[in-house]
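What follows is a single structure, written as structure tokens, with notes after it.
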Amino acid sequence: MAGLAEAASPFGGAPAYLEGLNDEQRAAVLATEGPVLVLAGAGTGKTRALTTRLAHLLFTGKAQPYQLLAVTFTNKAAREMKERIGAIIGERVEGLQWLGTFHSIGAQILRRHAEIVGLKSPFTILDADDQARLAKQVIEAAGLDEKRWSGRGLAYAIDAWKNRGLTPDKVPANEGWKFADGKAISLYRDYQERLRTLNAADFGDLLIHNLTIFGTHPDILAQYQDRFRYMLVDEYQDTNVAQYLWLRLLAQKRRNICCVGDDDQSIYGWRGAEVENILRFEKDFPGAKVIRLERNYRSTPSILAAASGLIAANKSRLCKTLWTDQEGGELVKVRGVWDGEEEARLIGEDIESEQAKGRSLSDMAVLVRASFQMRAFEERFNTLGLSYRVVGGPRFYEREEVRDAVAYLRLVRSSDDDLAFDRIANKPARKLGGQTMQTINALARRRGASMMAASRALLESEELGAAAKGALRKFVEMVDRWTRESEHLGPRDLTELVLEESGYTDYWRNNKSAKADSKLDNLKEVVQAVSEFETLAAYLDHVALVADRNEADEAGAVWLMTLHAAKGLEFPVVFLPGWEEGVFPSQRSLDEGGAAALEEERRLAYVGITRARESCRISFAANRQMYGRWQTALASRFVDELPERDVEVVSRPGLYGKSAAGFPSHSRFDAARVDDDAYYDNPGWKRARAAAGRASPSPPMIEGSAREVSVGAGAAKFAIGARVFHQKFGYGRVVAAEGQKVTVHFDHSGDKKVVDSFLASA
DNA sequence: GCGCAGCCCATTTTT
DNA sequence: TGGGCTGCGC
């Protein structure tokens with residue numbers, strides 16, 4: 001390769017760090033100049049190529065550590081990258097000060113130029129919860145009905161605009177109707193005004209303010225453009241418009257930008273990610289080199305083939321074909337089951353049998369579309385005594401008690417932090433009820449002062465009653481005392497003092513609920529976390545930006561998580577339950593996002609399958625209890641999209657009638673489509689199921705009953721010859737019906753087989 | 001300020 | 001079905 005000479009070490013030959021890379025990975029490392037798009041399929045050694053690339057830039061002296069900009073989405077990814085580069089280059093890795101998440105780098109830049117956008121450094125960084133509270137205040141202040149218009153709703157709308165890089169003056173006027181009858185834009189403006197008063201920035205601002213600074217101060221932009229000789233972006237398919245604009249500005253001058261991503265794994269569209277960014281990279285950066293990493297080191301041929309076959313149904317993608325030189329391995333297993341309970345039971349059995357064969361529990365994962373699906377598995381695992389761990393859920397720093405503790409510390413750092421003041425002034429109760437707080441708030445607004453300042457003023461006036469005044473005085477003096485103490489106490493001692501003196505720890509000690517113990521533990525964790533920092537300010541900065549969970553590694557437990565949470569992970573054995581229409585693809589997603597959303601759901605399925613190294617087991621249930629009622633379900637269309645030759649159907653004989661022996665003509669899983677609601681949604685059926693559940697792990701009763709139910713068409717909702725209407729195909733006449741699948745001769749679209757729930761009588 | 005009954009709602013989530 | 005929130009009564 002021509003590039004090799006360029007990368008040669010002073011001692012001749014290719015440097016050691018290039019060894020073991022395949023040609024494409026090597027190309028991704030060596031193509032240092034100009035725009036490069038690396039399309040890295042799942043399991044193709046992306047991180048390795050990426051970290052080697054950075055190491056290479058440093059080794060060859062093309063850049064100093066501080067001249068490299070490397071952006072990721074999550075702290076975890078940033079940490080991992082840093083570790084792996086460190087393994088190659090050693091201590092120099094510490095100089096990579098511009099390796100981090102979009103937000104932490106945005107914050108770093110903003111801190112240096114905060115005054116341009118009307119902030120003083122250090123400013124407070126608000127998280128989602130603070131945002132919603134602030135938004136709520138804005139709604140109240142505007143005199144709107146807060147019941148009708150939630151703070152969260154406004155925060156969501158504002159976030160969506162910020163994702164698109166829109167400041168209030170740039171929001172298209174017609175979008176004001178998205179919220180509060182046309183007042184949305186002025187509320188957005190109010191919200192930004194409040195942020196400025198609070199000397200705070202929300203997550204979106206960290207980038208938006210950067211854009212403003214770059215836009216209004218070309219000299220500053222030029223300074224960063226010069227500094228960042230080489231730019232690297234991970235998970236490019238997840239970037240939103242604001243991030244895209246930010247990158248484009250910074251890359252404009254040197255054009256040494258390398259974006260790495262996989263359009264097939266773009267699953268955050270609902271959060272503002274634009275797959276478009278990756279799809280049009282070559283247009284944005286003419287002359288871009290595109291390198292495809294397609295050799296997969298993770299999965300068996302069948303797993304890859306199944307995933308590839310599925311994703312091929314998507315239209316908007318930059319086609320990649322994963323391949324492997326691995327051979328053999330089991331087929332992807334697809335199993336139809338009677339209901340969700342049975343699904344959980346069978347997966348539990350599978351896990352136990354894998355375990356019996358000597359596989360560790362932590363080699364197995366159950367990946368679901370939505371967290372409500374987890375309950376069935378948790379219950380089953382508890383019954384079996386299988387240890388499992390749920391990934392996701394409320395993060396450490398999102399927990400009530402942790403946020404409260406942090407609010408106390410924030411108030412000590414800056415007594416003007418109104419959000420913190422508001423949060424803990426009366427927690428634990430100090431007789432500062434709603435009335436008093438409103439008085440404080442009102443005065444603060446009138447004077448454009450902080451709540452703490454307003455409180456001091458109120459103590460000098462006659463506006464409050466004696467009791468309230470006394471309570472307020474105690475609180476103010478307490479905070480003042482902590483602030484004085486903070487000058488000579490270390491962060492740890494200070495935190496302990498504040499939590500004790502405030503009565504906050506006692507507040508939970510006196511709480512008899514089951515939660516109290518873990519809350520107290522979490523408070524101890526906060527103290528522990530604080531002790532690792534030199535100053536309180538350093539800790540608070542960390543909290544805002546690097547607020548991830550301390551995931552204690554618990555060996556020997558099955559993983560249970562959402563598909564979203566599983567991105568980037570891999571497991572020898574993966575279970576993918578709940579592949580039913582309405583669940584996966586999610587009905588809500590389809591309703592709200594149409595065809596584009598369906599493609600995103602399909603990518604999610606692709607992500608799920610490609611997590612598996614050796615064994616991938618998909619399942620779907622004919623019946624599922626949702627929101628307390630039984631519902632029949634159709635096998636997901638994704639099941640039908642799996643290539644037949646890579647799939648093995650493992651439904652038990654009898655349970656699915658004709659599908660047991662093979663694939664019925666029109667759909668392989670049609671027999672799972674049970675339609676006679678009345679038959680199983682009655683007490684007798686439920687009793688039978690309950691009895692079966694108690695009796696033995698393999699319940700003959702379910703099998704017996706199911707055989708009777710599942711065979712035959714049952715009562716179709718539409719008679720042959722009936723006139724019907726379909727959203728997409730229009731009017732037509734029913735020509736055949738089997739189960740929930742109805743064949744309709746549409747007036748303008750010809751014959752189609754559709755699911756009856758999409759039809760209305762016409 | 002607390003506890004309880006009734007009511008409403010119900011993806012995916014990082015920073 | 002069940003969790004979270006609200007409004008009411010003490």
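Worth knowing before you read on, the calculation uses all heavy atoms, side chains too, and leaves out hydrogens, waters and symmetry mates. Letters A, B, ... are given to chains in the order of the sequence lines, protein chains preceding strands, and every chain is numbered from 1.
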Test salt bridge (charged side-chain N to carboxylate O under 4.0 Å, His left out) applied to A:E400 - qualifying residues, sequence neighbours left out: A:K427, A:K519
Between A:N277 and A:T239: side-chain donor-acceptor atoms closer than 3.5 Å: yes
Salt-bridge present (A:D417, A:R423; N to O < 4.0 Å): no
Derivation of the side chain to side chain contact (heavy atoms under 4.5 Å, CB included) call for A:L207 and A:L211: CA-CA 6 Å; A:L207 280 162; A:L211 293 177; 5.6 Å; no
Protein proximity profile, nucleotides 5-12 of chain B - base contact B, sugar-phosphate-only contact S, no contact -, cut-off 4.0 Å on heavy atoms: -----BBB
Close approaches to DNA chain B from residues 101-110 of chain A, in residue order (heavy atom, under 4.0 Å): A:T101, A:H103
Phosphate contact (B:dT14 OP1 or OP2) by A:R271 side-chain N/O below 4.0 Å: no
Nearest-angstrom distance from the residue atom CD of A:Q237 to C1' of B:dT14: 14 Å
Under 3.5 Å side-chain donor-acceptor pair for A:Q131 and A:D127: no
Boundaries of the chain A footprint along DNA chain C (any atom under 4.0 Å from a heavy atom): C:dT1 to C:dG7
Partners passing salt bridge (charged side-chain N to carboxylate O under 4.0 Å, His left out) against A:R271 (at least two apart in sequence or in another chain): none
Pair A:S589, A:E601: side-chain N/O donor-acceptor within cut-off below 3.5 Å: yes
Spacing of the P atoms in C:dC5 and B:dT12 (rounded, Å): 16 Å
Heavy-atom neighbours of A:R133 CZ exceed 12 at 6.0 Å: yes
Charged N-O contact under 4.0 Å between A:D130 and A:R410: yes
Side-chain N or O of A:N75 closer than 4.0 Å to phosphate OP1/OP2 of B:dT15: yes
Sugar-phosphate only, base, or nothing, as touched by A:N426 at under 4.0 Å among non-hydrogen atoms: sugar-phosphate
Distance, C1' atom - from B:dT14 to C:dG3, rounded to whole angstrom: 24 Å
Within-4.5 Å side-chain heavy-atom neighbours: A:N623 and A:Q631: no
5′-ward residue of the pair A:K431/A:G204 relative to DNA chain B: A:K431
Residue list, salt bridge (charged side-chain N to carboxylate O under 4.0 Å, His left out) with A:R611, at least two apart or on another chain: none
Rounded distance (Å) that lies between atom C1' of B:dT15 and atom NE2 of A:H209: 15 Å
A:N240 CG - B:dT13 P separation (whole Å): 18 Å
Between P of B:dT14 and CG of A:L206, the distance in whole Å: 16 Å
